[in-house]
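Take a look at the structure set out below.
Computed from a predicted model, the values in this text were never measured in an experiment. Because only heavy atoms are used, hydrogens play no part in the values below, and waters and symmetry mates are left out as well, while side chains stay in. First the proteins, then the strands, lettered A, B, ... as listed; each starts at 1.
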Amino acid sequence: MLRFVVMRLLRAVSVLIVTSVVTFSMFFALPADPALALCGKSCDTTKYERVKHTLGLDEPLVNQYGDYMKGIFVGRDLSAIAGGKFCEAPCLGYSFEQGELVTDALKRTYPITLSLIIPAFILYLTFGIGLGVLAALKRGRAMDKFAVGLSLVGASSQIFTIGFILVFIFLVTLRISPPPSYTPLTEDPLKWASGLWMGWVALGFVSMAIHTRLSRAQMLETLSEDFVRTARAKGLSMRKVYGKHALRAALTPMVTQGGLEIGTLLGGAVITETTTSVNGVGSLAVAAARSGDLAVVMATVLISAVFVVGFVIIVDVLYAVIDPRVKLS
Amino acid sequence: MNTTIEDPPYLRVVDLKVRFDTDDGQVRAVEGVNFTVRKGQTLGIVGESGSGKSVTSLSIMGLHDARRTRISGEIHLGGRQLVGMPEPALRKLRGSDMAMIFQDPLSALHPYYTVGKQLVEAYQVHHPDASRAEARKRAVDMLGRVGIPQPDRRFSSYPHEFSGGMRQRVMIAMALMNDPALLIADEPTTALDVTVQAQILDLLEDLQREFNSAVILITHDMGVVAQVADDVLVMYAGRVIEYGTVEQVLREAHHPYTWGLLASIPSLHGDAEVDLKPIKGNPPSLINVPTGCAFHPRCAYALVPGACVDVVPDLLELSSRNGHKVACHLPESRRVRTYEEDIAHVGVAQ
């Protein structure tokens, strides 16, 4: 197990290095020039060269990349550009667009994204799997048809469509919900929830569909397994047969699906953020890509990659925990 | 079929009919089956796939899909009528008074739980007051009893960590956790190596003697029946076509289908030059069962045209023999002659 985790971590690190190199070099192929932007209106060649030197942009690309990576692990002196501040590790650079350290921009935006994603994830996982399992147990009956129908609607909807419908019903027509906004959870939990619930429902409804269908199919398959019949033959109650024997075996693929989803979502949920008019990491990343804000793009891509790779490893380990037949090696 | 005066049979099945509704029509899986099993006695139910033998046993256990299945007739287990019994009452009998062993122990045991956990669960569901330690002790005892070496250590193993034969022993231990008076073994050796098969059958025999349970052994293998059964019930297309003691059915078989089963099994003592004779054709669809005797399209001796095509034969007791019953239109004298001339020298009958 330990050996497996170490091996996977080493592989993950190599994936992340490749990701960072590709992002870094791709960016220099683009016509963005931070030096020119910082040089200001009265820019002449001397001043431009000086700015470029201060920023380290006249160094070879390899050195620039080296400085960047060094910053992540030991911090980096950005006093010339970041208003006299030393950039502590993990230093992800300075954003000229935002006028702040990238880490500060992330600290500002990540709580927003997390507030949006984590409750939505828990909600749709619970309801999605619950509905799917219920549908399988009531196969062919009204409950099953409702669940399948609902997941079909969910799967063919867009987050913004659902978001706008929610806004129209609860904000415009019924006037029972405040407009979407972000208040920190620690400040006022009620305001936090009432400002974000439409985002949760919109994201949840659309993402729920796959879990309903997956868990329904899995549960139906498991219910016809011999070991479920054995459980019944022992004289167990249906609750135990379904809950303990069937569900446990049916849930394995849901761990994969859920793990990969949360990994992706943590990289930012642009559409949901935009729909609920809050500025999370997703919005930050999109804005950075548009304005050529290298430092932010690098940081968000890297963090995204860390989450995805990290959750792939977590899913693998969880698999071995759930299914004793899986040998990690 | 002993006629000596004993306890009333522990299991009595009377005119059992099982039907499934499917999209293609109604499946008549079991059509009026009667039999009895006493404690300490083993009944072998023999037939090809789809003959209704597994459905019969699942109906006794109440493990059929209740939504699609219609059951009529009577199943008396120790005096209690199981057909129509409410599920909670039936559940109390399942695993305690009657237990079942399935064909493939790898898929019949839960892959994610240790065998110990599964055995303990089987005990605790019928002994809610038993402590964990008691249940564990019982589980380890049973594992030892069925011949698992180092049962204390193997208690914590997962099913996939056992060999096929050992897994089936675990399955047997689980079925016997609550001393069931009726044990149904559905093809318990089919998924196992031949050498292991014999060991498992021996074990079943030993345990039956020890626990004095009534045993139903479902199989398609006449050799298995010859080894362990007292009585034999031969099923075809949901009906009983021959019923009697092992001696009667194996040594003096009266139904052409039984002859086919006997002739299709090799015998160690038989003449190696005698070819095995498979039964021609396939078992019929249970949605469109052939008219008359369902076996007539495959029967080499059928009276066509005649009674075999038109009339369903009744299961009648042979005039000459005590309790031996057969459902066949052929004249008894002709059956006796054919058996002696064509069948007696081949296969298991030898």
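Here the closest non-hydrogen pair linking A:T230 and B:A108 is OG1-O, 2.6 Å. A:R229 approaches B:L58 most closely through the heavy-atom pair CD-CD2, 4.1 Å. What you find for B:P111 and A:P324 is that their closest heavy atoms are O-CG, 3.3 Å.
Distance check: B:H110 NE2 to A:D226 CG gives 12.0 Å after rounding to the nearest 0.5 Å. Note that CZ of A:F227 and CG of B:L106 are 10.5 Å apart. Values are rounded to the nearest 0.5 Å. For the atom pair CZ (A:R232) and CE (B:M61), the distance works out to 9.5 Å, reported to the nearest 0.5 Å.
Distance alone, capped at 3.5 Å, is enough to place a donor-acceptor pair between the A:K234 side chain and the B:Q118 backbone.
The local environment of CZ in B:R80 is crowded, with over 12 non-hydrogen atoms from other residues, nucleotides or ligands closer than 6.0 Å. Few gaps surround CE on A:M238; more than 12 heavy atoms of other groups in view lie less than 6.0 Å from it. At most 12 heavy atoms of other shown residues, nucleotides or ligands fall within 6.0 angstrom of atom CZ in A:F127. In the displayed structure, B:R67 atom CZ is contacted under 6.0 Å by more than 12 heavy atoms of other residues, nucleotides or ligands. Within a 6.0 Å sphere centred on CZ of A:R11, heavy atoms belonging to other residues, nucleotides or ligands number 12 at most.
For B:L63, the parts lying near chain A are the backbone and the side chain together; criterion is any non-hydrogen pair under 4.5 Å. Looking at B:A122, the atoms closer than 4.5 Å to chain A (heavy atoms on both sides) sit in the backbone and in the side chain alike. In this structure, no portion of B:M177 lies under 4.5 Å from any heavy atom of chain A. Heavy atoms closer than 4.5 Å to chain A are found in the side chain of B:H160, but not in its backbone. When heavy atoms are compared at a cutoff of 4.5 Å, B:Y112 approaches chain A by way of both its backbone and its side chain. Using a 4.5 Å cut-off between heavy atoms, B:I184 does not touch chain A at all. Contact annotation for A:S224: neither backbone nor side-chain heavy atoms come within less than 4.5 Å of a heavy atom of chain B.
Of the charged side-chain nitrogens involved, at least one lies within less than 4.0 Å of a carboxylate oxygen, so that B:E121 and A:K244 count as a salt-bridged pair.
The aromatic rings of B:Y113 and A:H245 lie tilted to each other, with the angle between the two planes from 30° to 60°.
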